[in-house]
There are 2 protein chains.
Amino acid sequence: MSFAAKGMAATAQDEAYRAILQDIRSGRYQPGERLIPETIARELAMSRMPVREAFQRLANEGLVLIRPNRGCVVSGLTIEEIYELFEIRSVLEGLAVRLAMPRFDAAALAELDDHLARMHRAGAAGGADWLSRHQEFHAYICGLSGRPKLIAQIAALHIAVEPSMRVWLHHVAQPAHATERQDEVVEAIRTGDAEHAEAVMRDHVLRTAPRLAEFLRSRGQAAGLSPTLPASAQL
Amino acid sequence: MSFAAKGMAATAQDEAYRAILQDIRSGRYQPGERLIPETIARELAMSRMPVREAFQRLANEGLVLIRPNRGCVVSGLTIEEIYELFEIRSVLEGLAVRLAMPRFDAAALAELDDHLARMHRAGAAGGADWLSRHQEFHAYICGLSGRPKLIAQIAALHIAVEPSMRVWLHHVAQPAHATERQDEVVEAIRTGDAEHAEAVMRDHVLRTAPRLAEFLRSRGQAAGLSPTLPASAQL
DNA sequence: CTCTGTATGAGTGTATCCACTATTACAAAG
DNA sequence: CTTTGTAATAGTGGATACACTCATACAGAG
């Protein structure tokens, strides 16, 4: 049996990756902040090299920007980029829920209700980890699609906007969990109509974007450091 | 003025990345083949390290699989994975064409026709580089969406299936360029109806998948080496 | 006081080196 | 002849070392 538990890092590079990812998601490393390999390496009791390779991975996911000879900075998102990510998420999650529809039996629906309940509880209790519950809700639906790459893509998109979402939820009086109508998504799923569920999910995802964008705009948060994009630009 | 031309590699690592990517796309490195850093490093007149980091990038894009302590192999796609990639591409390119619609003026439509013509010419002339022309056709449409990340994602998907496509086009008598009806897409764009264009693009993309899949199945090509997926699996 | 040139230091990219893992080939036992 | 244990080798992950780039601070000229 493989004794490396799922959450366990097999290699130093992986450990570095997880640690830095965590710190970006949580907001410990702010957009625009420069990440110095040596510092992080000392912190994790390893050398610079695995940290550098972790940077590479993060750069490919757009969380960090590496300019040659000029180091690695946490990449904030412009308003336009946030919109773009939500647009992409909307069609991908729409696809996911459509593909997941055949698998929604009674048990799955019950579990879905559980997720809803947990979310609402977290929202009522102050909303500190409402965001995590919300991501789990979406992840559960996507998971039922049975499409590994699709799931991973969507997860990456959630992670990319997470830092912005956190500051939003932290600073705003009327946060998402008060107005976001996830119930509509669940209702649509219950109808059994795949096309309908897809459309509702699309709308649901897109609805958050303008409010988040407005908030960031009001804070003047255009930390515009466009990340190096994943693949080669030209086909 | 920046004297580093766009296609120029600023760093050794980037050079390695481009070289290996090229060799995977072209089919020089076959799925399942093991990539030995030292060999490639010698070939490119550099040390192992930049090559290793290039591997990382390729792994993140799913083109290569790195198992700890067990090296780096070119990751072939299973039939299921190919279907999945086409599904994802269909919704993303559908989104792209929808967003691009407002920008289709007379000039853009003319250029689109140019692309079509070039494609048909390449197809008639034996189809050696029909695939590249086809990718350029799609890239042109996506480019008009003005969404950098969306464009990059789609490009990455095209690259991922490119090796399989190449063997298909090379081995089959009735290849895609004979039956793929790109004209329908252009026609739909001409109507000016964004929703319609999106639907047509979706269908267009999905149509290729089953035929490619059938071909690969007939060759028994289930080179099932599922790549390490981009982001963290759990949200 | 401002501007410009230089020097110093921090940080990056690459090469080399070392320790450990895995795989292969081979030999001895059954 | 097959099987199993062991040794040798190729290859991987990580650390250190070195050369080069960039940025900042400072000094001298205007």
Side-chain angles (χ1 to χ4, degrees), chain A residues 1-5 7-21 23-24 29-60 63-75 225 227-228, chain B residues 1-5 7-21 23-24 29-60 63-75 225 227-228:
Chain A
M1 85 182 188
S2 80
F3 56 93
M8 194 29 194
T11 168
Q13 182 218 113
D14 210 55
E15 193 185 329
Y17 171 75
R18 288 165 197 245
I20 301 168
L21 177 65
D23 283 347
I24 291 177
Y29 295 144
Q30 296 281 327
E33 184 173 344
R34 187 160 169 195
L35 299 183
I36 287 105
E38 195 141 3
T39 308
I40 296 173
R42 245 201 328 272
E43 231 170 84
L44 298 172
M46 61 178 73
S47 87
R48 281 167 33 199
M49 191 121 69
V51 177
R52 273 179 53 104
E53 292 182 346
F55 284 175
Q56 285 298 334
R57 276 171 78 179
L58 293 164
N60 270 41
L63 290 154
V64 122
L65 172 65
I66 301 177
R67 281 135 73 214
N69 284 316
R70 217 161 299 176
C72 174
V73 297
V74 180
S75 62
L225 296 155
T228 26
Chain B
M1 83 181 186
S2 81
F3 55 93
M8 196 24 195
T11 170
Q13 183 217 110
D14 210 56
E15 193 186 327
Y17 170 76
R18 289 165 196 245
I20 301 168
L21 177 65
D23 283 347
I24 291 177
Y29 295 143
Q30 296 280 327
E33 184 172 344
R34 187 160 171 197
L35 300 183
I36 286 105
E38 195 138 7
T39 309
I40 296 173
R42 245 201 328 272
E43 230 169 85
L44 299 171
M46 61 178 73
S47 87
R48 280 169 33 201
M49 192 117 74
V51 177
R52 273 177 49 120
E53 293 184 344
F55 284 174
Q56 284 300 333
R57 276 171 78 180
L58 294 163
N60 271 37
L63 289 155
V64 122
L65 172 65
I66 302 178
R67 281 133 75 214
N69 283 316
R70 218 162 297 176
C72 174
V73 298
V74 180
S75 61
L225 296 155
T228 25

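Letters A, B, ... are given to chains in the order of the sequence lines, protein chains preceding strands, and every chain is numbered from 1.
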Any donor-acceptor pair under 3.5 Å linking the side-chain atoms of Glu53(A) with those of Gln13(A)? yes

Nearest listed nucleotide, side chain of Ile66(B), among dA15(D), dG13(D), dT14(C): dG13(D)

Spacing between Gln56(A) atom CD and dG14(D) atom P, to the nearest angstrom: 15 Å

Figure out the CE/P separation between Met49(B) and dT16(C), and round it to whole Å. 11 Å

Rounded distance (Å) that lies between atom P of dT12(C) and atom CD1 of Ile40(A): 10 Å

Heavy atoms under 4.0 Å, any strand shown: does Arg70(A) hit a base, just sugar-phosphate, or nothing? sugar-phosphate

Please state whether the phosphate of dG11(D), meaning OP1 or OP2, lies under 4.0 angstrom from any side-chain nitrogen or oxygen of Arg34(B). no

Taking only the side-chain heavy atoms of Arg48(A) (C-beta and beyond), determine which of dA17(D), dG14(D), dA15(C) contains the nearest atom. dA17(D)

For Asp14(B), enumerate each residue passing the side-chain contact (heavy atoms from CB on, under 4.5 Å) test, keeping only those at least two apart in sequence or located in another chain. Ala9(B), Thr11(B), Arg18(B), Arg57(B)

Rounded to the nearest angstrom, tell me the gap between atom CZ in Arg42(B) and atom C1' in dA15(C). 15 Å

Euclidean distance, atom OH of residue Tyr17(B) to atom P of dG13(C) [Å, nearest integer]: 17 Å

Protein-nucleotide distance (Asn69(A), atom CG; dT21(D), atom P), rounded to Å: 8 Å

Looking across every strand, which nucleic acid part, if any, lies under 4.0 Å from Glu38(B) by heavy atom: base, sugar-phosphate, or nothing? nothing

Do the side chains of Leu35(B) and Val51(B) get nearer than 4.5 Å, heavy atoms only? no

Student check: side-chain heavy atoms of Val74(B) and Gln30(B) closer than 4.5 Å: no

Roughly, in whole Å, what's the span from CZ in Arg52(B) to C1' in dC17(C)? 13 Å

Side chain of Ser47(A) (C-beta onward), nearest among dA15(D), dT14(C), dG14(D): dA15(D)

Measure across Val64(B) and Ser75(B) and return the closest heavy-atom pair with its distance rounded to 0.1 Å. N-OG, 3.4 Å

Would you kindly compare Ile36(B) and Asp14(A) by the position of their nearest DNA chain D nucleotide and give the one closer to the 5′ end? Ile36(B)

